[in-house]
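Please read the structure below before turning to the comments.
Heavy atoms only: backbone and side chains are in, while hydrogens, waters and symmetry mates are out.
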Amino acid sequence: MEITLPYIYSYFTVFSLLIALIFLSEKIHHRRRNLPPSPPSLPVIGHLHLIKLPLHRTFHKLSQILGPVLSVRYGSQLVVVVSSPSAVEECFTRNDIVLANRPRTTGAKYFGYNYTTVVASPYGDHWRNLRRLMSVEILSTSRLNGFLSIRQDEVGRLLRRLYQRSSTDFAKVEMKSRLSDLTFNVVMRMIAGKRYYGEDLENSAEAEEFRELVTKAFMGGGASNPADFLPILRWIDYKGFEKNLAKIHERFDKLLQGLIDEHRRDKSKNSMIDHLLSLQESQPEYYTDAIIKGLIIVIILAGTDTSAVTMEWAMSLLVNHPEVLKKARAEVDAHIGQDRLIDEHDLDKLTYLKAIISETFRLCPAAPMLVPHSSSDDCTIGGYNVPRDTLLLVNAWAIHRDPKVWDDPTSFKPERFEGGEVEGHKLMPFGFGRRACPGVGLAQRIVGLALGSLIQCFEWERVGEDPVDLSEGNGLTMPKAEPLEAMCKARDIMKKVLSDGANDA
């Protein structure tokens with residue numbers, strides 16, 4: 001059959017009518033159910049074709065068209081995205097219990113120990129017990145105070161490494177790896193009494209395996225598995241995703257079990273594992289090895305990279321705004337001086353430093369899309385119906401940059417936080433509601449002490465005349481696209497306090 005122009009025209013006319021009918025049918029369906037507004041979708045895959053990285057920017061653009069409460073479909077899964085403080089407040093006050101569940105994803109199945117960790121478990125008695133354990137036993141103020149010497153030692157090691165490069169003049173330093181080493185070593189020494197990054201490693205082979213598995217866990221545990229939303233892909237294990245994840249988890253589980261067994265034999269390190277094993281002795285039926293490993297993996301995955309990324313963003317912003325850096329240094333010098341190093345007990349006095357950290361949390365949240373929630377029952381948000389088993393995403397990044405909430409929202413202005421605390425639904429780097437992150441205190445201590453020490457002990461400048469690139473890379477914790485490189489030069493305090501130990505690092 002000869003294909004003529006009228007034939008092609010007729011074909012496209014029918015095709016266009018079909019698309020229009022699908023779109024109209026979808027709109028009518030949405031209106032009848034009163035679901036949040038949604039862009040046109042495709043059969044089977046829904047809106048997966050629209051989902052581009054980084055997610056927070058994709059959903060921000062959609063919210064500017066559809067409003068602060070919108071819906072999309074990840075295949076068969078309905079997803080509601082909220083991007084305004086009022087909608088967030090509604091979610092986590094009136095609907096807090098209904099939205100307190102977590103979605104059952106492939107990553108949560110394996111790294112959440114079959115949905116039994118404090119992050120992955122459904123809302124209920126088990127979750128409440130874990131949450132209480134985290135808040136009262138593991139991350140309480142008194143227990144964090146007991147690990148103060150670890151944080152001081154690791155920050156001191158970072159300062160000495162930088163001093164080796166910059167004792168006499170400005171030197172270019174790469175900060176991403178140094179800050180990452182700091183946070184991982186702090187957390188792992190608290191958990192197991194061991195360093196796994198940098199130098200002075202107890203077991204280099206074990207450390208190398210740990211670093212490899214952590215990297216793979218971040219990639220696998222945070223990645224979206226298309227089979228979670230398109231069940232047909234689960235039957236064939238699309239791209240071997242689940243099989244690969246199972247292998248990574250098996251190796252990680254074996255390493256963690258080795259740590260537990262080691263501490264069971266030798267309880268002299270006074271670590272988190274030792275404390276959890278003492279609880280196991282009194283309640284062995286509840287504090288199983290699997291529960292302990294789940295607690296450990298949550299602290300590692302949630303409490304390390306997030307703090308390192310936050311510090312890297314903060315330092316990037318500071319070298320791009322030397323006037324802010326100068327003001328912060330003047331505050332530190334006024335309150336602490338040049339005869340001793342900053343201590344965690346000083347942080348409450350350093351209000352401008354705290355404002356810098358808050359402004360960094362606002363502009364560059366380590367979790368731009370908060371950990372997903374799942375609705376356990378029907379509810380309403382912003383006047384729209386949200387059915388049971390809907391996936392809820394909160395675009396914290398968009399809220400933190402909302403011009404209706406913040407004056408000049410894209411500018412770095414720590415002064416906006418000097419007046420006091422901000423309502424939780426307007427600034428939520430650690431989440432909001434009953435499932436907010438329990439590690440706030442630890443993160444604030446690590447970031448505050450390290451950032452304050454870097455400001456106190458070194459002069460900082462950009463490598464060249466151009467500002468540091470603040471582009472975002474792809475990743476669960478919104479990393480910088482380009483790792484931070486900056487020029488640093490030791491101040492006199494380093495020569496007074498640390499020069500004697502500079503070669504010991």
Taking side chain to side chain contact (heavy atoms under 4.5 Å, CB included) as the definition, give me every residue that meets it alongside [X], ordered by chain and number, with sequence neighbours left out.
X	value
R445	T141, L144, N145, R151, E344
K52	T58
D253	Y113, H249, K293
V405	P85, D402, K426

What I'd like to find out is whether the side chain of [X] reaches to under 4.5 Å of the side chain of [Y], using heavy atoms alone.
X	Y	value
R94	T380	yes
S63	V81	no
F210	I300	yes
E137	L276	no
L133	L279	yes
P387	L35	yes
V214	F252	yes
Y123	R128	yes

Any sub-3.5 Å donor-acceptor pair from [X]'s side-chain atoms to [Y]'s backbone N or O?
X	Y	result
R102	P122	no
T390	S375	no
R178	E174	yes
S38	S71	yes
R33	N385	no
N34	G383	yes
T288	I291	yes
H373	L99	yes
R435	V119	yes
H47	R73	yes

Enclosure of R104 CZ (heavy-atom neighbours >12, cutoff 6.0 Å):
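No, because the 6.0 Å sphere around CZ of R104 holds 12 heavy atoms or fewer from other groups.
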Could you tell me the separation between the [atom1] atom of [X] and the [atom2] atom of [Y], rounded to the nearest 0.5 Å?
X	Y	atom1	atom2	answer
L353	L451	CG	CG	5.5 Å
L454	L158	CG	CG	5.5 Å
S76	L230	OG	CG	6.5 Å
I138	H275	CD1	NE2	5.0 Å
S411	E359	OG	CD	8.5 Å
C379	N95	SG	CG	4.5 Å

Testing the 3.5 Å rule here: is there a donor-acceptor pair between the side chains of T116 and N114?
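Distance-only check fails for T116 and N114.
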Short side-chain donor-acceptor distance under 3.5 Å, Q77 and D228:
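No donor-acceptor contact under 3.5 Å links the two side chains.
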Listed by chain and number, what are the side-chain hydrogen bond (donor to acceptor under 3.5 Å, both in side chains) partners of S86, not counting sequence neighbours?
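Partners of S86 under the side-chain hydrogen bond (donor to acceptor under 3.5 Å, both in side chains) test: S84.
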Sequence neighbours left out, what passes side-chain hydrogen bond (donor to acceptor under 3.5 Å, both in side chains) with D389? Give chain and number order.
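Residues passing side-chain hydrogen bond (donor to acceptor under 3.5 Å, both in side chains) with D389: none at all.
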Residues in ring pair (Phe, Tyr, Trp, His ring centres under 6.0 Å) with [X], at least two apart?
X	result
Y352	none
Y384	none
H400	none
Y197	F184

Where do K327 and E323 land on the salt bridge (charged side-chain N to carboxylate O under 4.0 Å, His left out) test, with the steps shown first?
CA-CA 6 Å; K327 185 175 177 179; E323 73 286 355; over 6 Å; no
Charged N-O contact under 4.0 Å between E250 and K254:
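Between K254 and E250 there is no salt bridge, as every charged N stays at least 4.0 Å from the carboxylate O atoms.
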Enumerate the residue pairs fulfilling side chain to side chain donor-acceptor pair (under 3.5 Å) with a member in residues 473-484, sequence neighbours excluded, ordered by first and then second residue.
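Every pair satisfying side chain to side chain donor-acceptor pair (under 3.5 Å) with a residue in residues 473-484: D305-T477.
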Within the 6.0 Å centroid threshold, strictly below: F361 and F430
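When the ring centroids of F361 and F430 are compared, they turn out to be within the sub-6.0 Å range.
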Which class fits the ring pair F59 and Y74: parallel under 30°, tilted 30 to 60°, perpendicular over 60°?
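Plane angle under 30°, so parallel.
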Parallel, tilted or perpendicular for Y286 and H126, by the 30°/60° rule?
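Geometry flag for H126 against Y286: perpendicular rings.
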Where is the tightest heavy-atom contact between [X] and [Y], given as atom of each residue plus distance?
X	Y	value
L363	R401	O-NH2, 2.9 Å
S135	P438	OG-CB, 4.3 Å
V82	C91	CG1-SG, 4.2 Å
P414	A355	O-CB, 3.2 Å
M311	A450	SD-CB, 3.4 Å
P409	R362	O-NH1, 2.7 Å

Where do I296 and I292 land on the side-chain contact (heavy atoms from CB on, under 4.5 Å) test, with the steps shown first?
CA-CA 6 Å; I296 293 171; I292 293 174; 4.0 Å; yes
Could I get the full list of salt bridge (Lys or Arg N to Asp or Glu O under 4.0 Å) partners for E242, not counting sequence neighbours?
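E242: salt bridge (Lys or Arg N to Asp or Glu O under 4.0 Å) contacts with K109.
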Residue pair T304, F218: steps toward the side-chain contact (heavy atoms from CB on, under 4.5 Å) verdict:
CA-CA 11 Å; T304 50; F218 270 110; 3.7 Å; yes
Test log, rule side-chain contact (heavy atoms from CB on, under 4.5 Å), inputs T117 and F111
CA-CA 9 Å; T117 66; F111 290 100; over 6 Å; no
Carefully, step by step, assess M478 and C364 under the rule side-chain contact (heavy atoms from CB on, under 4.5 Å).
CA-CA 8 Å; M478 202 176 87; C364 311; 3.8 Å; yes
